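Have a look at the structure below, then the notes.
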Amino acid sequence: MEKPLVILGAGGQVGRQLAHQAALQDRPVHAFNRTEADITAAEAVAQAIDGAGFVVNCAAYTAVDKAETEQEAAYRINAEAPALIAGLCGEHDIPFLHISTDYVFGQSLGRPWREDDPVDPPNVYGLSKQAGEAGVRAANPRHLILRTAWVYDSEGSNFVRTMLRLGATRDELRVVGDQHGGPTAAEDIALAILAMIDAASKPDFSQWGTYHFTGAPATTWYDFAAAIFEGHATPKLTRIATSDYPTPAARPAYSVLDCRKIETVFGIAQPDWRVSLAKVLEACAIDRSA
Ligand SMILES: NC(=O)c1ccc[n+]([C@@H]2O[C@H](COP(=O)([O-])OP(=O)(O)OC[C@H]3O[C@@H](n4cnc5c(N)ncnc54)[C@H](OP(=O)(O)O)[C@@H]3O)[C@@H](O)[C@H]2O)c1
């Protein structure tokens, strides 16, 4: 019998979608949310991964601004726990996929970031995720690290849902127009992960390492917001600069990821975020009318 895919952090945006898409594809899945398996607890992780064919960690401390004052929690969840999971997987010869972020990159090189470009995180969240990547690489050679960005879904805490919520009650929204990135639907990440797992489960697979995956084309938060409200009664959108919207954590001005490697190795193309957004907005509309 096929060994199950074990999903840690199954209560988050990506984890939920991964469990859902895997079930739709009739794969054996053991999905654990935070209450069922806390990734900082070795005993709970060891029990959860027992008998797994592949382990995916979707759990993370994702509150980017709060991380500036909660460094210890951010490092425990984003740095120490992924190394712990990778180590336990290594001990049992289980391949491991971990998710990381575009926020490991800092000052722009003037082109999309490649997997082997130097990292230089601009904030505590990015630093903790970078430390997590390093811990995974050191603990288990059979790892895949998938860096993604600007994740959105019809559930959870994300930019799309924040815009819809604010747009329902405000006449004007001021949105940062000078940060560039690639919005990525949680469903698209889930499907990419399942395709990577299929390829990496073949006995002759050797392309372990780090990959980038985001939606295309690159855009700004302002243009993403404009697409969210397109064709609807919209609040007035005003493009502002990062300096007009100070946040506790600094954000990279340009965190567009070069996603050619994942296409070359796995045949996974960048999804058009505008197509995925339409699906997510439809699901949000259904949710809101329910
Ligand atoms: N969101 C983004 O825009 C974005 C961008 C780039 C990369 N990423 C990366 O993508 C991955 C998935 O992110 P996401 O957007 O799905 O995040 P999310 O919606 O915030 O989900 C994270 C999940 O992890 C859980 N979690 C936190 N601490 C845990 C622990 N100790 N044990 C078990 N579960 C724990 C959270 O549970 P609680 O809710 O109960 O705390 C939550 O369900 C993460 O690695 C993240 O760093 C995200």
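Counting starts at 1 for both ligands and their atoms, in listed order. Since we're looking at a predicted model, the values are computed, not measured.
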Task: Amino acids in close contact with ligand 1, where any non-hydrogen atom sits under 4.0 angstrom away - done: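 Ligand 1 pocket, heavy atoms under 4.0 Å: Gly11, Gly12, Gln13, Val14, Arg34, Ala37, Asp38, Ile39, Thr40, Cys58, Ala59, Ala60, Thr62, Ile77, Ile99, Ser100, Thr101, Tyr125, Lys129, Thr148, Ala149, Trp150, Val151.
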Task: Donor on one side chain, acceptor on other, Thr242 and Gln179, under 3.5 Å - done: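 Present: a donor and an acceptor within the cut-off.
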Open item on the list: Tell me whether the rings of Phe224 and Trp273 are parallel (<30°), tilted (30 to 60°) or perpendicular (>60°).
Closed with: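 Rings of Phe224 and Trp273: perpendicular, over 60°.
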- [ ] Kindly check if the number of other-residue, nucleotide or ligand heavy atoms within 6.0 Å of CG (Asp116) is above 12?
- [x]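 Correct, the count exceeds 12.
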Task: Neighbour count above 12 (heavy atom, 6.0 Å) for Gln107 CD - done: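 No, because the 6.0 Å sphere around CD of Gln107 holds 12 heavy atoms or fewer from other groups.
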- [ ] Among Thr162, Val280, Asp223, Leu277, find the residue that satisfies the side chain to side chain contact (heavy atoms under 4.5 Å, CB included) test when tested with Ile228.
- [x]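 That would be Leu277; it is the only one of Thr162, Val280, Asp223, Leu277 passing the side chain to side chain contact (heavy atoms under 4.5 Å, CB included) with Ile228.
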- [ ] Using side chain to side chain donor-acceptor pair (under 3.5 Å) as the criterion, list what pairs up with His212, not counting sequence neighbours.
- [x]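 His212 satisfies side chain to side chain donor-acceptor pair (under 3.5 Å) with Arg147 only.
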